[in-house]
Structure formats: structure tokens, C-alpha cells
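Naming: A, B, ... by sequence-line order, numbering from 1 per chain.
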There are 2 protein chains.
Amino acid sequence: MDKIYIKQLLESEGDEVKLTEKKAAILVAAIEIFAEKGYAATSTSEIAKQAGVAEGTIFRHYASKKELLLAIVKPGIMKLAIPYFASQVVEDVFGQGNNSFEDILREFIYNRIDFAKKNVPMIRIILQEIAFHTEMQQALKSTFLSEVYPKVEELIVDLQQKGHIKSVPIDTTIRFIITTVLGFILHQYIFSTNATFNEEVEVEHVIDLIMDGIQKS
Amino acid sequence: MDKIYIKQLLESEGDEVKLTEKKAAILVAAIEIFAEKGYAATSTSEIAKQAGVAEGTIFRHYASKKELLLAIVKPGIMKLAIPYFASQVVEDVFGQGNNSFEDILREFIYNRIDFAKKNVPMIRIILQEIAFHTEMQQALKSTFLSEVYPKVEELIVDLQQKGHIKSVPIDTTIRFIITTVLGFILHQYIFSTNATFNEEVEVEHVIDLIMDGIQKS
DNA sequence: TAATAAAGTGAGTAATCACTCACATTGTTA
DNA sequence: TAACAATGTGAGTGATTACTCACTTTATTA
């Protein structure tokens, strides 16, 4: 984890973030330790020590330990919730393209796999801490409801009208797809021990199960 | 949450648990506060205060704060991982009965819904803390691998041989079923705000999606 | 009932916590 | 270069932490 990664992670759509060496070091150390031990069990002195910085320097940049957490985690939540965030592929996927849903699903899954691979500690922190911090819950909920849900809803209604997918309630359909993809990704890339597996084959299985279920027809 | 609930929760297969009033009060308070604020952010003095007990009394019964957590959470993990634990329905579900897989799945889902409804704080604690405590991870892993996995594997192999379900790898199939059911239950009963919904209808949708996927055939 | 064990108490303790602040260093602008 | 602002420092602070222990109360057994 280096300074450039941190910059990219914390920047959301255009607004440049200026980082001194020490500030970047604090963020790197905080992400690492928060992910490993959890926010509540991490002391600011430990972060300072690992960052090679005086404890006071942390509070020069962040008013409190919690603000440091939120500075790390809020951009992460946005990029977790919004696939293709600030990417030109958005239109391809959620737009009115003529790709099959299967292709859209495949692209979505690979995109989230890519994100997961590059952001294991960040995802760990979000998973571990979201239960305790309403700010995080609200950030996730509001970005999902404003940026993701409407587009997905549009797509699904469209597919239902065309007769491509079942008329199961939209929320149920979305929850089904998200939990299946999330379950796969968390299991393989976040919780995973080290088990080797054929990524492409496994992704096709996931797609097949979402599209057709387990039943042999 | 009362003393009887606590007793049932902490007893696993036959071994009686003896609880004084104060000890039960400690457990009740600890479950409540751990679920709400998380283990690390909960102080033993707070537990003692809410339980109406001197702080020393906690350490009379539990050698450390962590031992208190594990005393609560270990039986919970077993009962979470093992459906129908210490129940006579086991054979019905995982045995060689002639129920259709759909019926087995339905019974499994309702059983886990029932468990979830009765154990919201316990499930919250497990979800929130399992990332930080290897003892919990190992307890879940070992009970799942020894008590659940073999039976489910047997069932799925059997169904695959009979041609009822696809020959997707067993682990993939199991993960798909568990994440879908878990996603539904966590969303509706653990994270849920208050949204009313028709449970029976929703369960049938979940079963349908697992069996047949989203695609219209 | 007397003796012993178990359960309960709460003041006390050393360690650690997040955070402050007066001061030092470095960077920027006039 | 002089003046000022931004960044960095680390000893210090009061509050809180998990846990201890000498002691009291309650339950059990002889």
C-alpha cells in the first residue's frame, strides 16, 4: 500500500487530495491496523508508531480518531457501492445497450472482483465497522439509493417487460443477485484462506446459478 | 431476554448449566450491550452496572472479558451453524427421506427464520465479532465441517446422481444456497428497518430463485 | 447448628486511552 | 530575506480500562 494508492482511493470525482508524506503514512498505517484489529481495538499511539509519526501529527490532520476512520471509509463505501464509478463503461452496463443481461452480469462480476482484489483491507474495515457507525450506514444507503438502485431498477423493469426475466419483485431480484455475487466475492477474495480455484470457471457457475438456478431442467 | 432464554441458549446437548440470578443478569446485560456497541467498545463496568451487579462479580464467574464473550458466543455459533440442532427433525431433513429438495429447502429456510427471529442480538454479536476472534472462526469452521457439511454433501451428491440438480461443484452449490438464504434472512430479520412484508410469499420467491434462477424459461 | 464452600462486593491499581498544547521545523509568499 | 502559515513534535493530562483482593454475605453440607 503506497501513497499513490491512497490518493486514488480517497479522491472522488475530480477533487484533488493533497497529501504530505506524513499524512499518507498515517492513512496507510490506519488502514492496515483498522483492518487487522478493528477500529475500537486500535490506538492512535499504535497508528502513529507504525506510521513513523508523532501522535500529535494525527490530530493535526484529523480532529478525532473517528474522523480519521470516516476519512478512510467514506470514499471506500462510495467505490464499493457504485460499480464503474467515474468510469466510461457506465453507459455500457446500465445504459440502453443491447447486451444480454448475462453479459452485463458478467461484466459487473469481473468489475467487482477487480475492485475486491485491489481493496481487501478497505473492504474488511467496511464490513467490520459498518454495524457500529451510523454515518457509514447512511453513506452506504444514500449512495446506493441515489446512484445504483434507480439504474438497476430501470434495467430490471426493462428486462421484465421484454420477457427476459421473471416478474419476481424488483427488490427481491436485486437482493438475490447482490447476495449471490457478494457471497462469492467475499468468500473467495476477502475471507479466503489460499485455496486455488479457476476464476473464469467459477464466475460462469455463479452466472449460471443466478440465471437458471440449481435445478436440472 | 430472560433467564430461561439464556439457559436454553447456553446449554448444548444435555449438559445442564447452573445459573445464579446475578450470573444470568450478567449474561443478559452482556449480550445486549455487546450486540449494540460491540465487544471492544463495551466496558465491564457498564455490563456490571446494567446487570445490577458489582464489577468483581463478573470476574468471579469469568476469568476475563474475552471469556465472557466466548461463553456467550460459542453455543450461539453451534446453534447458528447447525440447523435443527438437538431436534428430531434432523433425519427428516438431511436423512434419506423421500421429500423433494424444494421441500427440504423450505423447511431449512423456515427453521433458520425461526432461529433468527429468536436470536437477533446473538446473531449481531457473531457477525460483528467473528472477524476479530480466531476462536470464533475456528468454532464456526469446525462445527460446520464436522456437523453440517458432510450431511449436506451427501444430500447434494444424491440429488445430482438422481439428476434432480445440476452437476455444479458441491462447494459452489452449497455456497450459493447458503448465501442466498443468509442474504434474505440477514436483510429481513437482522438488518431490517421495519418494512412489512409477506413472509410466505417472499420465502417462495427465494426458493424459486434458488431452484430456477431469474431467467424466464 | 457449626463448619465450609460458593457467590457477591467495591475500593484500589497500574496501564492505556484519546486528545492537548507550547514549541520546533519546514514551506510559501511578499 | 523577512514574515507568515502550515506541518510536525512529544511530554503531559484527566478519564477510563480490565482486573485484583481482602472482605462480607449467602448457600450447602456434616
Could you tell me whether the side chain of A/Glu199 reaches within less than 4.5 Å of the side chain of A/Tyr110, counting heavy atoms only? yes

Do B/Glu55 and B/Lys49 sit within salt-bridge range, that is, some charged N less than 4.0 Å from a carboxylate O? no

Does C/dA6 have its OP1 or OP2 closer than 4.0 Å to a side-chain nitrogen or oxygen of B/His61? no

Taking heavy atoms of chain A and a 4.0 Å limit, find me the 5'-most and 3'-most nucleotide of DNA chain D within that range. D/dT7 to D/dG10

Any heavy-atom pair between the side chains of A/Ile47 and A/Leu68 that's under 4.5 Å? yes

Using the side chain to side chain donor-acceptor pair (under 3.5 Å) rule, take B/Lys66 and B/His133 through it: C-alpha gap first, then chi angles, then the decisive distance, then the call. CA-CA 9 Å; B/Lys66 178 141 189 178; B/His133 308 276; 3.2 Å; yes

Would you indicate whether A/Lys118, at its atom NZ, is surrounded by more than 12 heavy atoms from other residues, nucleotides or ligands within a distance under 6.0 Å? no

With side chain to side chain donor-acceptor pair (under 3.5 Å) as the test, would you mind laying out the steps for A/Asn119 and A/Tyr189 before giving the verdict? CA-CA 10 Å; A/Asn119 296 278; A/Tyr189 302 95; over 6 Å; no

Salt bridge B/Asp114-B/Lys117, side-chain N to carboxylate O under 4.0 Å: no

Looking at side-chain heavy atoms only, is the closest gap between A/Ile31 and A/Ile6 below 4.5 Å? yes

Rounded to the nearest Å, what distance is computed from the CD atom of residue B/Glu21 to the P atom of nucleotide C/dG8? 9 Å

What does nucleotides 10-23 of chain C look like as a protein-contact string, B for base, S for sugar-phosphate only, - for none, at under 4.0 angstrom between heavy atoms? B------SBBB-B-

